[in-house]
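Here the structure comes first, spelled out in structure tokens, and everything after it is commentary.
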Amino acid sequence: RADALRGQSRGPEAITLYEKALELQPNDGAFVLALGLARLESGDGVGASKTLRRAVDVDPENSLAWLKYGRARSATGGEGGALGAYRHAMQVSPYDPGAYFNLGNVMLRGGSQDSAVIAYRRAIELDVSLAPAHFNLARALLMKDRKAEALAAIRTGLIFQPDHAEARAA
């Protein structure tokens, strides 16, 4: 029932149900992860970060938990923790484009355009249809004044997401 509430954007109610479930099964990784996701979706970055840290402690091989933990850390200004979480997700699931995409985002925000380019290109290798990776690759390339490569990345991204207004304006 809590999952259904989350699907209906009724996060606070879902959180209450997940917390009750965890009282009965405190080390259930699926419940801990679901509670963390509900907190993240409800805008509680700090609570989500703590809960998702617990989720990765309970189930360290869960790449989704690592990705969401990284997202929560990033949302609360913990870029270093986010970086570590995304790197761990890549170790657990080396063929998950989301881990590389998110790593690229952290690198780009931190001013490491070369590292961001590498991460986005790896995400694209794993899922060529990941349009946001193409667009963010273009941003990183533009920061390095590599306009021709950036334009090519935008054009490819538009194949998969033709309604992207910012890319269309470029």
Side-chain angles (χ1 to χ4, degrees), residues 2-7 9 11 14-15 17-141 153 156-157 160-161:
D3 291 337
L5 291 171
R6 255 184 66 215
S9 298
I15 289 169
L17 290 178
Y18 288 130
E19 288 172 339
K20 288 179 182 177
L22 283 168
E23 287 174 11
L24 300 172
Q25 298 178 8
N27 291 317
D28 186 306
F31 285 143
V32 178
L33 175 58
L35 174 59
L37 293 175
R39 286 183 170 152
L40 188 61
E41 292 160 1
S42 295
D44 179 9
V46 173
S49 185
K50 289 177 183 175
T51 304
L52 291 166
R53 176 69 232 189
R54 185 169 158 222
V56 298
D57 288 341
V58 169
D59 186 2
E61 298 302 309
N62 186 327
S63 64
L64 177 62
W66 282 107
L67 286 172
K68 297 303 182 178
Y69 175 56
R71 184 171 158 215
R73 290 299 306 264
S74 188
T76 58
E79 297 291 4
L83 217 68
Y86 295 141
R87 286 189 172 131
H88 198 92
M90 291 184 315
Q91 290 174 347
V92 171
S93 185
Y95 301 105
D96 183 346
Y100 295 92
F101 175 75
N102 288 320
L103 179 66
N105 291 342
V106 172
M107 294 296 197
L108 190 60
R109 281 193 303 272
S112 300
Q113 292 91 4
D114 291 330
S115 296
V117 166
I118 292 166
Y120 291 134
R121 285 196 169 138
R122 180 65 178 140
I124 291 165
E125 284 175 21
L126 294 169
D127 182 359
V128 71
S129 70
L130 188 60
H134 292 280
F135 299 136
N136 288 1
L137 172 61
R139 281 189 189 95
L141 290 167
T156 305
F160 301 106
Q161 190 178 346

Taking side-chain hydrogen bond (donor to acceptor under 3.5 Å, both in side chains) as the definition, give me every residue that meets it alongside [X], ordered by chain and number, with sequence neighbours left out.
X    : value
N102 : none
Y100 : none
R73  : Y69

Any side-chain heavy atom of L141 within less than 4.5 Å of one from V117?
-> yes

If I take atom [atom1] from residue [X] and atom [atom2] from residue [Y], how far apart are they, to the nearest 0.5 angstrom?
X    : Y    : atom1 : atom2 : answer
W66  : Y86  : CH2   : OH    : 12.5 Å
L108 : D114 : CG    : CG    : 11.0 Å
L35  : K50  : CG    : NZ    : 12.5 Å
K68  : S63  : NZ    : OG    : 11.0 Å

For the student: nearest non-hydrogen atoms of [X] and [Y], plus distance:
X    : Y   : result
L130 : P97 : CD2-CB, 4.2 Å
L64  : N62 : N-OD1, 3.0 Å
L67  : A99 : CD2-CA, 3.4 Å
L40  : A48 : N-CB, 3.5 Å
A65  : L33 : CA-CD1, 3.8 Å
L37  : L52 : N-CD2, 4.2 Å

Salt bridge (Lys or Arg N to Asp or Glu O under 4.0 Å): pairs with one or both residues in [range], sequence neighbours excluded:
range            : value
residues 132-141 : R139-E166
residues 52-63   : R53-D57
residues 31-43   : R6-E41, E19-R39

Any pair with a residue in residues 122-134 that passes side-chain hydrogen bond (donor to acceptor under 3.5 Å, both in side chains), sequence neighbours left out, goes on the list, sorted by first then second residue, please.
-> R122-E125, D127-S129

Residue pairs, two or more places apart or on separate chains, that pass side-chain hydrogen bond (donor to acceptor under 3.5 Å, both in side chains) and touch residues 21-37 = none

Residues two or more places apart in sequence or in another chain: which of them pass salt bridge (charged side-chain N to carboxylate O under 4.0 Å, His left out) with R109?
-> E79

Test L22 against V32 for side chain to side chain contact (heavy atoms under 4.5 Å, CB included), laying out the working first.
-> CA-CA 7 Å; L22 283 168; V32 178; 3.5 Å; yes

Contacts of type side-chain contact (heavy atoms from CB on, under 4.5 Å), residue T76, not counting sequence neighbours | V46

For A153, all residues meeting side-chain contact (heavy atoms from CB on, under 4.5 Å), sequence neighbours excluded = L137, A138

Report yes or no: does Y120 contribute a side-chain atom to a donor-acceptor pair with the main-chain N or O of G104 at less than 3.5 Å?
-> yes

Would you list the pairs meeting ring pair (Phe, Tyr, Trp, His ring centres under 6.0 Å) in which at least one residue belongs to residues 22-55, sequence neighbours left out?
-> none

